[in-house]
Amino acid sequence: MAITVRICDLMRHEGQDVEIRGWVHGLRTGGKIAFLLVRDGTGVCQCVVEAARPDAFEAAVSAGHESSVRVTGRVRLDPRAPDGAELDTERVEVVQNVPDYPIARKEHGIDFLLRHRHLWIRSPRQCAILRIRDTVVRGIHDFFAAQGFVRIDTPILTPGAAEGAATLFPVDYFGEKIYLAQTGQLYLEAAAMALGRVYSFGPTFRAEKSKTRRHLTEFWMLEPEIAWAELPDLMDLAERLICDLVGRVLERHRAELELLERDVAALERVHPPFIRLTYTEAVDLLRGTDTRRRLEEELERERAELAAGQARHGELEAQMATVKKGWAQDRLAREIAALRERLAHMGQELENRPAHIEAASRFQWGDDLGGDEETILARLFDRPVMVTRYPRAVKAFYMKPAPDDRRVVLNVDVLAPEGYGEIIGGSQREDDLEALRARMAEEGLDPAPYEWYLDLRRYGTVPHGGFGLGLERFLAWMCGLRHIREAIPFPRLMGRIYP
RNA sequence: UCCGGUGUAGCGCAGCGGUAGCGCAGGUGACUGUUAAUCACUUGGUCGUAGGUUCGAAUCCUACCACCGGAGCCA
C-alpha cells in the first residue's frame, strides 16, 4: 500500500511507492508517454505516465489544467524533473476533470486577475508572496514575544473619529453611527499602561479614495506601544524589527525571491545603522546644492537608460520578425508593450524631473513631505531612512512636541528604499493632560468621547510611544512588487470588493 | 474628486471609414523524455452601452458605464 506524501518530501522517498494528491499544473504528451505536472501547494511533481499502463495514460491525457488528481507511483530522482524527483506512474485517479480553467500559463490583464483572485492565488508567483507573508507575520509575533511584549487585540468597531472622519468607514450599530477602526493606538496606550510593552496586529480600514499602487482600503497593521519609551527607543526598536524581518525572509525564501525576480542584493544591504535625519535636516538636504547635483547626475543616468531602452525596443521589434512560435511572439509582443509603457513613463518622469528638482530646492520648512520628496530622500541612500521631528502642524494631536523646539513633534517616519515609501509612522505621545487638551482644542476636537483616553494622563501618566507598520507595504518592498494588491490574499480596493 | 489612458473570441492583442484578424487556451489527429514540447487540422465574435455623422462605422463625434495609471491623503 502506497503511503501518501507531500511533493516537497518526495526526495526523501526515493524508490518507494507513494501517492500524491493535488491539481494538474501542466501536461505534455507524446504518443506513448505523457508528462503530467501535479502541484499540491508544497511543490510540483512531474509524473511520467507510459502508454503501457493504458488506464493511467488515458486518465492523464484527459485531465485539464487544475483538475484534481490522486497519483500513485514509484519515486525516482531525475535531473530532468522540475524539482529533482519524479514519479514512475502506476495509477492516475482524476477526482474531478476540469475542461475550462480560466487562468492560463500566460500573461493576463490585471482586471481579469483581480476578478479571479480566488484562482489567481494558485499561481506560483502568488503562492511565493503568500509564503513570505506568512513568514513575516510569524516573524512579527516571534520578535515581539522574544522581547517580552504582550499581544493586545484592539477593537475593530470604534466610536467617533480619531483622525478625521472622512477616511473612516461608517457602520450602523443598532441605529448609532460608528466606524471601522483605522488604528488601535489609543487602546494600545491604555494597554501599555497596564502591561508595559504591548503590540497589536490586525486589519485596519481607511476609506481614502486613493487608487494608487500604495493603497488598500483594508490592510494589516502592526502597532507596538511601549510605556517609558522615548523617541530614540522607538527608533532602535523599528530598526531592529525591520532588520530581523528582512533577515528571516532572506534566510528562508531565496527560492521565492528568485521566482519573484527580486533584487536580493538590495535587501542584503539592509542592516544597522539606518540613515537618521531630522525633518529640518531633510529639508536642508532637499534644498541643498549637493542633492541638486546628485539628482541632476541621476537625471543624466536615466536619460542614458532611456536611450538604452529605446535601443532595446528597436532590437525587440527586429526580433519579432524572426520569431516563429506563437507563444514566443505573444511574449515578445507583451515585452515590447511593457517596455514601450515603461519608456513612455520614463520619458514623462524625465520631463517632470527638472520641475521636481526645482520644487525640492524650493521646499519650505513647514510643508509636509509628499510622495515626491520622500522618493527623492529615499533615493539618496541605499538603506531605510528615518525622518524625525516633523512640524507639529502637519501631525496628529497626540504627538508630543519636542521640549527643545515646540515647533516640531517627537515623531519618526521610516522610508523604505527603492521608492517603496513610508512603511512606518510613529511617535512619542503627549503625556501631559493639559498639553493634550490644548492640542485637541487646537484641532477642534470634542473632548467628550476622549475622556477615557484623557484618564490615562490623569492616573499615572508616563512617557510612552509606539509606531505602526503597514504589513502590505512592507511586503511589497520585500517582494519587489509593483503594486500592493498582490501582498494580501484578497485585496480590498476602492471600487473592488469581489471576490 | 481631478487629470490621463483603455474597452474587439474564454484570455492577451492587431485592425483606426469599405467582407472580423493573429496568438494562447479549448477540440481532433501524429509523435516514447517533454521542460510554456512540436507539427497538421479545427470550434469560437450584437467589436463596452446608447445616440449621432456617413452610401457605408470596430474605426469619426457625443453621452454614459466599466476598468487601469497618476495626483491629493496616507501605512
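This one's a predicted model, so the numbers in the text were calculated from it and none came from an experiment. Below, chain A is the first sequence line, B the second, and so on; all start at residue 1.
Remark: Arg133(A) CZ to Phe474(A) CZ distance equals 12.5 Å, nearest 0.5 Å. Taking CG from Leu469(A) and CD1 from Ile242(A), the interatomic distance works out to 6.5 Å, rounded to the nearest 0.5 Å. Glu223(A) CD to Thr154(A) OG1: the interatomic distance, rounded to the nearest 0.5 Å, is 6.5 Å.
Using a cutoff of 4.0 Å between basic side-chain nitrogens and carboxylate oxygens, Asp111(A) and Arg115(A) are scored as salt-bridged. At a threshold of 4.0 Å, the pair Arg439(A)-Glu443(A) counts as salt-bridged, since one of the basic side-chain nitrogens sits closer than that to a carboxylate oxygen. Using a 4.0 Å cut-off between charged nitrogen and carboxylate oxygen, Arg248(A) and Asp244(A) count as a salt-bridge pair.
Annotation: G17(B) and G56(B) have their C1' atoms spaced 8 Å apart (nearest Å). Taking the P atoms as reference points, G69(B) lies 25 Å from A63(B), given to the whole Å. Taking atom C1' on both nucleotides, A40(B) is separated from G4(B) by 46 Å, rounded to a whole Å. Taking the C1' atoms as reference points, U8(B) lies 24 Å from G27(B), given to the whole Å. For the P atoms, the distance linking U59(B) with U1(B) amounts to 28 Å, nearest Å. If you take atom C1' in G12(B) and the same atom in C68(B), they sit 16 Å apart, rounded to whole Å. Using atom P as the reference point in both C39(B) and G7(B), the two lie 30 Å apart (nearest Å). For the P atoms, the distance from C3(B) to G72(B) is 16 Å, rounded to whole Å.
Ring to ring, His141(A) and Tyr199(A) are close: their centroids are under 6.0 angstrom apart.
With hydrogens and angles ignored, a donor-acceptor pair closer than 3.5 Å exists between the side chain of Arg76(A) and the base of G33(B). The base of G33(B) sits within donor-acceptor range of the side chain of Glu86(A), with an N or O pair under 3.5 Å.
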(request) With salt bridge (charged side-chain N to carboxylate O under 4.0 Å, His left out) as the test, would you mind laying out the steps for Asp134(A) and Arg138(A) before giving the verdict? (result) CA-CA 6 Å; Asp134(A) 175 63; Arg138(A) 282 173 205 282; 2.9 Å; yes
(request) Quick one: do Arg214(A) and Tyr420(A) satisfy side-chain contact (heavy atoms from CB on, under 4.5 Å)? Show the steps, please. (result) CA-CA 8 Å; Arg214(A) 300 187 309 281; Tyr420(A) 282 95; over 6 Å; no
(request) Could you check Leu471(A) against Phe201(A) for side-chain contact (heavy atoms from CB on, under 4.5 Å), going step by step and ending with a plain yes or no? (result) CA-CA 9 Å; Leu471(A) 177 68; Phe201(A) 179 69; 3.7 Å; yes
(request) Go through the steps to decide whether Phe381(A) and Leu277(A) satisfy the test side-chain contact (heavy atoms from CB on, under 4.5 Å), and finish with yes or no. (result) CA-CA 12 Å; Phe381(A) 307 99; Leu277(A) 297 172; 4.3 Å; yes
(request) Quick one: do Val75(A) and Leu87(A) satisfy side-chain contact (heavy atoms from CB on, under 4.5 Å)? Show the steps, please. (result) CA-CA 5 Å; Val75(A) 179; Leu87(A) 219 55; 3.8 Å; yes
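Counting only N and O atoms by type, the side chains of Glu486(A) and Gln126(A) include a donor and acceptor under 3.5 Å apart.
Nearest to the side-chain atoms of Glu208(A) among the listed nucleotides U32(B), U34(B), A75(B) stands A75(B). Of the candidates G33(B), A75(B), C68(B), the closest approach to any side-chain atom of Val48(A) belongs to G33(B). Residue Phe35(A) places its side chain closer to U34(B) than to any other of U35(B), U34(B), C74(B). The side chain of Thr212(A) approaches G70(B) more closely than any other nucleotide in the set U35(B), A75(B), G70(B). When the nucleotides G33(B), A75(B), A71(B) are ranked by their closest atom to the side chain of Glu422(A), A75(B) comes out on top. When distances run from any side-chain atom of Lys209(A) to the nucleotides U32(B), U1(B), A75(B), the shortest one goes to U1(B). Here C68(B) is the nucleotide among G72(B), U32(B), C68(B) with the atom lying nearest to any side-chain atom of Lys211(A).
Counting any heavy atom pair closer than 4.0 Å across all strands shown, Leu37(A) reaches no nucleic acid atom. Nucleic acid contact for Asp100(A): none, since no nucleic acid atom lies under 4.0 Å from a heavy atom of the residue. At the heavy-atom level, Ile103(A) lies nowhere under 4.0 Å from the strands shown. Residue contacts shown for Gln46(A) include a base, since a base heavy atom lies under 4.0 Å away. Among the atoms of the strands shown, base atoms are found under 4.0 Å from some heavy atom of Thr29(A). Nucleic acid contact class of His483(A) (heavy atoms, under 4.0 Å, all strands): sugar-phosphate only. At the heavy-atom level, His65(A) lies nowhere under 4.0 Å from the strands shown. Note on Gly495(A): only backbone sugar-phosphate atoms sit closer than 4.0 angstrom, heavy atoms only; bases stay farther off.
Note: CD1 (Ile484(A)) to P (G69(B)) measures 12 Å, nearest angstrom. With rounding to whole Å, His25(A) atom NE2 is found 19 Å from U34(B) atom P. Here the P atom of nucleotide U38(B) and the NZ atom of Lys32(A) are 21 Å apart, to the nearest Å. Between Asp78(A) atom CG and U32(B) atom P the separation is 19 Å, expressed in whole Å. Whole-Å rounding puts the Ile110(A) CD1 to A66(B) P distance at 19 Å. Spacing between atom CD of Glu218(A) and atom C1' of A75(B) amounts to 14 Å, rounded to whole angstrom units. The nearest whole Å value for the distance from the CG atom in Leu415(A) to the C1' atom in C74(B) is 13 Å. For the pair Phe474(A) CZ and C74(B) P, the computed distance is 23 Å after rounding to whole Å.
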(message) In dot-bracket form, 5' to 3', how is RNA chain B paired? Count Watson-Crick and G-U wobble pairs only if both distances fall under 3.5 Å, and write | where the partner sits on another strand.
(response) ((((((((.[[[[.)..(..]]]].(((((.......))))).....[[[[[..)....]]]]])))))))....
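Remark: Arg473(A) is not in phosphate contact with A75(B), judged by side-chain N or O atoms under 4.0 Å from OP1 or OP2. Close to C67(B), at under 4.0 Å from its OP1 or OP2, lies no side-chain N or O of Arg496(A). Between Arg213(A) and C74(B), a side-chain N or O to OP1/OP2 separation shorter than 4.0 Å is absent.
With the nearest nucleotide of RNA chain B identified for both Pro82(A) and Tyr101(A), Tyr101(A) has the one nearer the 5' end.
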Could you go over nucleotides 4-11 of chain B and give all protein N or O partners under 3.5 Å, atom names and distances?
| from | atom 1 | to | atom 2 | distance (Å) |
| --- | --- | --- | --- | --- |
| C11(B) | O2' | His108(A) | ND1 | 2.5 |
| C11(B) | O2 | Lys106(A) | NZ | 2.7 |

